[in-house]
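Written out below as structure tokens is the structure these notes cover.
The chain is numbered in sequence order, starting from 1. Atoms within each ligand, like the ligands themselves, are counted from 1 in listed order. Atom set for the values below is all heavy atoms of this structure, side chains included, hydrogens, waters and symmetry mates excluded.
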Amino acid sequence: MNKTLLCFAATAIAFTPSFQATADDHAPPTLAEVADAALVSDTYAWDFVEGVTTEVGPRQAGTEAEERARIWAMDWLEKHGFANIANEPFEMETWVPGTTHSVEILEPFPQPFVIQPLGNSASTGPDGITAEVVEFSSMADLSAAEDGSLAGKIAYISHQMRPSMDGSHYGFAGPVRWFGPSIAASKGAIATVIKSVGTDNSRNPHTGGTSFPARTTPIPAGALSLPDAANLERMFDRAGDRTITMKLVLTPSLLGTTLSGNVVGEIVGSNPDLPPVLLACHLDSWWNAPGAFDDGAGCGIITAAALNVAKTGQPLRTIRVLLAGAEEVGLWGSKAYSEAHIDEPIAVGIESDFGADRIWRFESNFRGSNPDLHGRLADAVARFGVANSSIVASGGADLNIARDQKAAIIDLQQDGTRYFDLHHTPDDTLDKIDPVQLRQNVAVWTTVVGILANEERAIQSGDTIADVGPAIKAAR
Ligand SMILES: [Zn+2]
């Protein structure tokens with residue numbers, strides 16, 4: 001056992017006092033025993049998410065707060081015995097939200113609403129802009145508007161996002177935020193206001209990134225909470241021929257080029273010839289919340305899984321955790337990591353970035369090419385209530401390297417029914433995390449990572465790997 005793993009042994013005693021040793025005090029616990037213990041008593045994941053939300057809080061990409069998060073995370077990894085901990089910095093163009101975000105209807109039914117800017121929104125200037133609002137009930141309606149028809153106006157885009165367990169409705173509603181403002185700008189709009197891409201009825205706007213192609217000059221863009229959006233839509237119903245006039249003040253700004261970074265750490269495997277297992281999450285959050293669900297929980301889950309697997313003894317493959325920077329604002333960290341490490345093959349990538357509710361479905365992209373391993377993994381997590389699936393896993397935002405290398409990918413799908421109640425809102429706070437469901441995540445992840453990290457054969461093909469060392473062959 002190397003020094004790193006000795007360090008784990010001490011950590012395990014300190015953090016999981018209820019962990020039951022096996023009959024033989026010298027034999028490490030089995031993976032099943034460790035996963036079972038995680039289900040009822042894992043504290044690593046909670047400790048991470050509680051710590052980062054309490055000691056760091058909101059950590060907008062490219063800012064000093066995100067830098068503090070990296071320092072905090074590296075310290076946490078070190079305290080828990082990870083090896084090869086590093087901050088891998090990269091440059092990014094940094095947008096910050098500014099401090100003034102206000103909107104009011106001036107005519108015909110004067111009243112204030114609540115608004116938050118979208119990432120990459122332009123500024124209205126401190127005095128704001130006042131203009132007629134034009135309503136579009138869908139992206140298709142907006143796209144059909146005549147060029148120039150929105151000159152001098154504010155476009156309002158409606159839609160109705162519904163909760164879905166697999167989060168698939170984000171694909172339906174998301175484009176309103178991702179592309180609506182740039183389409184409106186291309187038709188002459190001076191600003192865009194959208195109904196939040198969210199599913200709650202709180203008076204919390206959901207921020208999130210929007211994008212403007214190089215040829216489109218960014219315009220101010222913000223999101224209304226769902227209740228305020230409904231109010232605005234009633235105004236349109238009641239206004240008759242009267243124009244609805246809005247005053248909008250959003251003061252984001254661009255900081256220019258700043259540094260972000262990816263934090264990495266490893267549980268070092270016994271066979272350096274075998275490509276590592278990569279576990280990913282993202283460390284940054286939007287400015288308006290401490291990012292408990294998105295994605296402090298995910299970083300807690302992946303690091304907990306790695307630590308739990310280490311309790312079973314040194315794995316065959318290295319387990320590398322990637323706590324990516326600057327995901328929210330455009331996957332800067334995922335791209336930077338892939339660029340920096342493209343020539344270092346990974347065996348398989350898995351990401352946790354969908355809150356902290358339970359995992360209900362197992363997917364891989366090697367069910368056809370390595371049915372034995374897919375089947376063993378699916379069977380192993382069935383006891384935690386996870387269903388097998390024939391859906392081909394495509395990986396999350398921070399797994400660019402797995403896609404770029406055409407590596408194996410696993411998706412452990414979480415129940416996203418309430419995810420978009422909280423996503424990118426001020427309500428993304430620690431109290432929303434259900435510790436029981438968080439631990440189920442850790443148990444499932446521990447099981448999957450433990451099997452993968454001790455898999456001698458190639459993950460994707462199931463082929464024998466010729467260079468597995470003789471000592472390891474003899475030992476197994
Ligand atoms: Zn996220």
Closest Asp353 atom to the Zn ion (ligand 1) [N, O or S only]:
OD1
So, are Glu363 and Arg361 salt-bridged, with charged N and O less than 4.0 Å apart?
yes
Of the backbone and side-chain N, O or S atoms of Glu328, does one lie nearer to the Zn ion (ligand 1) than 2.8 Å?
no
Cationic N near anionic O, under 4.0 Å, Glu233 to Lys195
yes
Taken in chain and number order and not counting sequence neighbours, the residues that satisfy side chain to side chain donor-acceptor pair (under 3.5 Å) with Arg59 are none
Is the shortest side-chain heavy-atom distance between Leu373 and Leu452 below 4.5 Å?
yes
Verify whether the ring centers belonging to Trp332 and Tyr337 lie closer than 6.0 Å.
no
Suppose we only allow N, O or S atoms; which atom of His282 ends up nearest to the Zn ion (ligand 1)?
NE2
What N, O or S atom of Asp294 is found closest to the Zn ion (ligand 1)?
OD1
Please confirm if an N, O or S atom belonging to Asp295, backbone or side chain, lies less than 2.8 Å from the Zn ion (ligand 1).
no
